[in-house]
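Side chains included, hydrogens not; waters and symmetry mates left out as well; all remaining heavy atoms used.
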There are 2 protein chains.
Amino acid sequence: MPTILIVDDEEDIRELIAVNLLREEDYKLLEAVNGLEALHLAKTRRPDVIILDLMLPEMDGLTVFRNLREDPRTKSTPVIMLTARGRLEEKITGLELGADDYLAKPFSPKELMLRVRNLLRRTNPNQGGSVIESGPFSLDKNALKLHLEGEAIDLTATEFKLLLCMIESPGITQERGDLLKKVWGYSDLIQTRTLDTHIKRLREKLGNHGNSIETVRGVGYRFFEA
Amino acid sequence: MPTILIVDDEEDIRELIAVNLLREEDYKLLEAVNGLEALHLAKTRRPDVIILDLMLPEMDGLTVFRNLREDPRTKSTPVIMLTARGRLEEKITGLELGADDYLAKPFSPKELMLRVRNLLRRTNPNQGGSVIESGPFSLDKNALKLHLEGEAIDLTATEFKLLLCMIESPGITQERGDLLKKVWGYSDLIQTRTLDTHIKRLREKLGNHGNSIETVRGVGYRFFEA
DNA sequence: GCGGCCCGTTACGGTTTTGTCACCGCAGAG
DNA sequence: CTCTGCGGTGACAAAACCGTAACGGGCCGC
């Protein structure tokens, strides 16, 4: 889930942005009301995009921006600048410094949202959830590995698909038929012990977390963060 | 050298853009005056960014854009839309379709140039030379050589293409089918050991760095900076 | 034509993965 | 408590997958 940092000292603008962003997409929002807070959040939480109002108390927005660009952790984080001042010169300055976009207030919230979306899509095309987190578990789609308490556990392709199905919706019981269809492409009504076997193998690999996979007798299986 | 395609039927505007772009940076320019020409150029010459005026004779700019997005060759080419019409709704439509930027005429040529520059920097960070860097590896597209710890390793054309595919996105698993398609143009489902053979040859050439190419069983291969 | 390089293919073998089966324990209904 | 059917478990054999060596054809410079 992409993380967005909004830096603005006007609460109503933050609200406006937040409402519009959250309405259509699933973003995680961080908010900062001044430069120092912004820098701290940006460097510790590593947002995927930063929306930066240039009009800030104490520290100027451009100063914040330069500071961001100097730190390796935030050097290449996309930044969209907002400003009440619509003067061309400022815009040029902002873009010259390397801002990825520049909007003058009043702006259309929908436009901002679309620009954020397009920017995100271009910046991390591989994001799309290459790592799935759930409690102490994190699934790495690329390495086909499960990270758990610092350890990396190798999973086979099938095991991975199976675990993914369950971990995607923790606490929800996945019916046998659905799992067979999703992982193996089998039809609903086929009768096989394959599923059981793989569940067992998964539980083994999960070690003492094996009981995170709960059996729902007569229905299917259920995953929950132990 | 980044290639830019300018699509506009007004000569003076093309001129304006061209002069401003060429002044500060070294770009290669392509020009098209209508939709068909634009599509043809985009798909054969593969520009790094497209500047598209929406007001075109015969074929509407938005139609051109949709057509671009449907072809795999131009699907992810950044597009900046230009328009004389400054209506908000049009802007929203353009952005909604996935335009990377949208400027209303009259625009500041300098602003356009900066936006192009920033977009290019984000799109292909490894541009600016035919050398691709990744950790201790650096690939020279012209010489077909891999530089590693001071040594220059000769690669054959195929080996180079293959390594390039993987090194472009470190840590991301490249599926067998995708590699076969990208490097050899084979269809997905073909079964061959050619890929394996070349992976082996690459690993040999990489010497003790050979394990930078990790096999993800049942999926494909994955490169990471060891 | 000759030799060398590059490339795709093939065959083979080792290892991992996977599906099935038989057997067993146990939960839940009666 | 007993019975029954579902799920757990371990073993096993087939299949899938990958690494590797070797082969032969095409291409090019000489």
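- In this structure, the nucleotide among D/dC18, D/dA22, C/dT20 sitting nearest to the side chain of A/Thr194 is C/dT20.
- Between B/Tyr221 and the phosphate of D/dG19, there is a side-chain N or O to OP1/OP2 separation shorter than 4.0 Å.
- Residue order along DNA chain C, read from the 5' end via each residue's closest nucleotide, puts A/Leu155 first among A/Leu155 and A/Thr192.
- The heavy-atom pair separating A/Thr77 from A/Asp100 by the smallest distance is O-OD1, 4.4 Å.
- Between the CD1 atom of A/Ile199 and the P atom of D/dG7 there is a distance of 11 Å, given to the nearest Å.
- For the OP1/OP2 pair of C/dT9 and a distance below 4.0 Å, the side-chain nitrogens and oxygens of B/Tyr186 include at least one atom meeting the criterion.
- At whole-Å resolution of the value, CD in B/Glu175 and P in D/dC17 are 13 Å apart.
- If you find the closest nucleotide of DNA chain D to B/Glu204 and to B/Val219, the one lying nearer the 5' end belongs to B/Val219.
- Contacts of B/Thr215 with the nucleic acid, taken as non-hydrogen atoms under 4.0 Å apart, involve only primed sugar atoms and P, OP1 or OP2.
- In terms of heavy-atom proximity, A/Pro78 sits nearest to A/Asp48 at CD-O, 3.2 Å.
- In the model, B/Asn118 has a side-chain atom that pairs as donor or acceptor with a side-chain atom of B/Arg121 under 3.5 Å.
- OP1 and OP2 of D/dC6 both lie 4.0 Å or more from every side-chain N or O belonging to A/Arg176.
- The nearest whole Å value for the distance from the CG atom in B/Leu202 to the P atom in D/dT20 is 13 Å.
- Checked by atom type, the side-chain pair A/Ser134/A/Glu168 shows no donor-acceptor distance below 3.5 Å.
- For the pair A/Ala157 and B/Ile190, nearest-nucleotide mapping onto DNA chain C gives the more 5' position to B/Ile190.
- The side chain of A/Trp184 lies closest to C/dG19 when the candidates are C/dG19, C/dG8, D/dT20.
- Under 3.5 Å, the side chain of B/Arg193 and the base of D/dG19 form at least one donor-acceptor pair of N or O atoms.
- Between the NE2 atom of A/His198 and the P atom of D/dT9 there is a distance of 15 Å, rounded to whole Å.
- Remark: B/Arg14 does not engage B/Glu10 in a salt bridge, criterion side-chain N to carboxylate O under 4.0 Å.
- When the C1' atom of C/dC5 is taken as reference, atom CG of B/Leu144 falls 14 Å away, rounded to whole Å.
- Applying the 3.5 Å distance criterion, the base of C/dG8 shares a donor-acceptor pair with the side chain of B/Arg201.
- A close approach under 4.0 Å does not occur between any side-chain nitrogen or oxygen of A/Lys200 and OP1 or OP2 of D/dG7.
- The CG atom of B/Asp196 sits 15 Å away from the P atom of C/dA11 (whole-angstrom rounding).
- Between the side chain of B/Arg217 and the base of D/dC18, no donor-acceptor pair under 3.5 Å is found.
- Two residues are said to be in side-chain contact when any heavy atoms from C-beta on lie closer than 4.5 Å; B/Tyr221 and B/Val216 fail this criterion.
- Nucleic acid contact class of B/Thr156 (heavy atoms, under 4.0 Å, all strands): sugar-phosphate only.
- Counting to the nearest Å, the C1' atom of C/dT10 and the CG atom of B/Leu195 are 16 Å from each other.
- Taking atom CG of residue A/Leu162 and atom C1' of nucleotide C/dG19, one finds them 14 Å apart after rounding to whole Å.
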